[in-house]
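Take a look at the structure below.
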Amino acid sequence: MNRLRRQQILDTVLRIPEGRVASYGEVAELAGWPGRARLVGRILKEFEGPAPVPWQRVLRANGCIAFPEGDPRHDLQADLLGQEGVEVRGGRVDRERYGWSGD
DNA sequence: GTGGTGACGCGGA
DNA sequence: ATCCGCGCCACCA
């Protein structure tokens, strides 16, 4: 079952459109595992570096990049988002503009 | 078995 | 805005 759960979460992340973002909590919710935001982060942790899955589109509920400033991953995520047209200011994204909540 | 640690989130002070 | 506490658990020492 762990296997299926992991796949459902990854599938949900893959559904986030290019140029849009979703929070860890939303991904968990959409995947059918409400309240399991931490699990989403734990799973995405395996995909650092070049992205087989668009992990850069997943942010905290307040629109901030989860990694602290100074962490190389923080800048990497900001760059990847910028490359697909998502404006990142101060490590934060305007969820009103780029937020995605399923379709 | 036990305790600490997270790519979290929310409500309250 | 910021800080804290708590709920959530998978993972690891």
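Throughout, a chain's letter reflects where its sequence line sits, starting with A, and its residues are numbered from 1. The figures here come from the full heavy-atom set of this structure, side chains too, leaving out hydrogens, waters and symmetry mates.
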- prompt: When you measure from the side chain of A:Arg36, which nucleotide among C:dC11, C:dC8, B:dA7 comes out closest?
  reply: C:dC8
Let me know the distance between [atom1] of [X] and [atom2] of [N], rounded to the nearest Å.
X: A:Leu39; N: C:dC9; atom1: CG; atom2: P; value: 10 Å
X: A:Lys45; N: B:dG6; atom1: NZ; atom2: P; value: 10 Å
X: A:Glu46; N: C:dA10; atom1: CD; atom2: P; value: 14 Å
X: A:Ile9; N: C:dA10; atom1: CD1; atom2: C1'; value: 11 Å
X: A:Arg42; N: C:dC8; atom1: CZ; atom2: C1'; value: 13 Å
X: A:Ile43; N: C:dC9; atom1: CD1; atom2: C1'; value: 12 Å

- prompt: Contact class for A:Arg6 (heavy atom, under 4.0 Å): base, sugar-phosphate, or nothing?
  reply: nothing
- prompt: Is the number of heavy atoms from other residues, nucleotides or ligands within 6.0 Å of CZ (A:Arg92) greater than 12?
  reply: no
query: Do A:Val27 and A:Ile16 have side-chain heavy atoms sitting under 4.5 Å apart?
result: yes
Could you tell me which non-hydrogen atom of [X] sits nearest to which non-hydrogen atom of [Y], and how far apart they are?
X: A:Gln56; Y: A:Gln77; result: O-NE2, 2.9 Å
X: A:Lys45; Y: A:Arg42; result: CB-O, 3.2 Å
X: A:Leu10; Y: A:Phe47; result: CD2-CE1, 3.8 Å
X: A:Pro54; Y: A:Leu14; result: CD-CD2, 3.7 Å
X: A:Glu26; Y: A:Ser101; result: OE2-OG, 3.4 Å
X: A:Arg20; Y: A:Gly99; result: NH2-O, 2.6 Å

- prompt: For DNA chain B, which residues in residues 68-97 of chain A have a heavy atom at a distance below 4.0 Å?
  reply: none
Whole-Å C1' distance, B:dG6 and C:dG7: 14 Å
message: Would you compute the distance between atom CZ of A:Arg6 and atom CG of A:Leu4 and round it to the nearest 0.5 angstrom?
response: 12.0 Å
Pair A:Asp79, A:Gln83: side-chain N/O donor-acceptor within cut-off below 3.5 Å: no
If you restrict it to nitrogen or oxygen atoms, what contacts under 3.5 Å exist between nucleotides 8-12 of chain B and the protein, and what is each distance?
from  : atom 1 : to      : atom 2 : distance (Å)
B:dC8 : OP1    : A:Arg60 : NH1    : 3.2
B:dC8 : N3     : A:Arg38 : NH1    : 3.1
B:dC8 : N4     : A:Arg38 : NH1    : 2.4
B:dG9 : OP1    : A:Tyr24 : N      : 3.3
B:dG9 : OP1    : A:Gly25 : N      : 2.9
B:dG9 : OP2    : A:Ala61 : N      : 2.9

- line: Intra- and inter-strand pairing of DNA chain C, written as dot-bracket with Watson-Crick and G-U pairs under 3.5 Å and | for the latter, reads .||||||.|||||
query: Knowing that exactly one of A:Val13, A:Leu80, A:Ile43 qualifies, which makes a side chain to side chain contact (heavy atoms under 4.5 Å, CB included) with A:Trp55?
result: A:Leu80
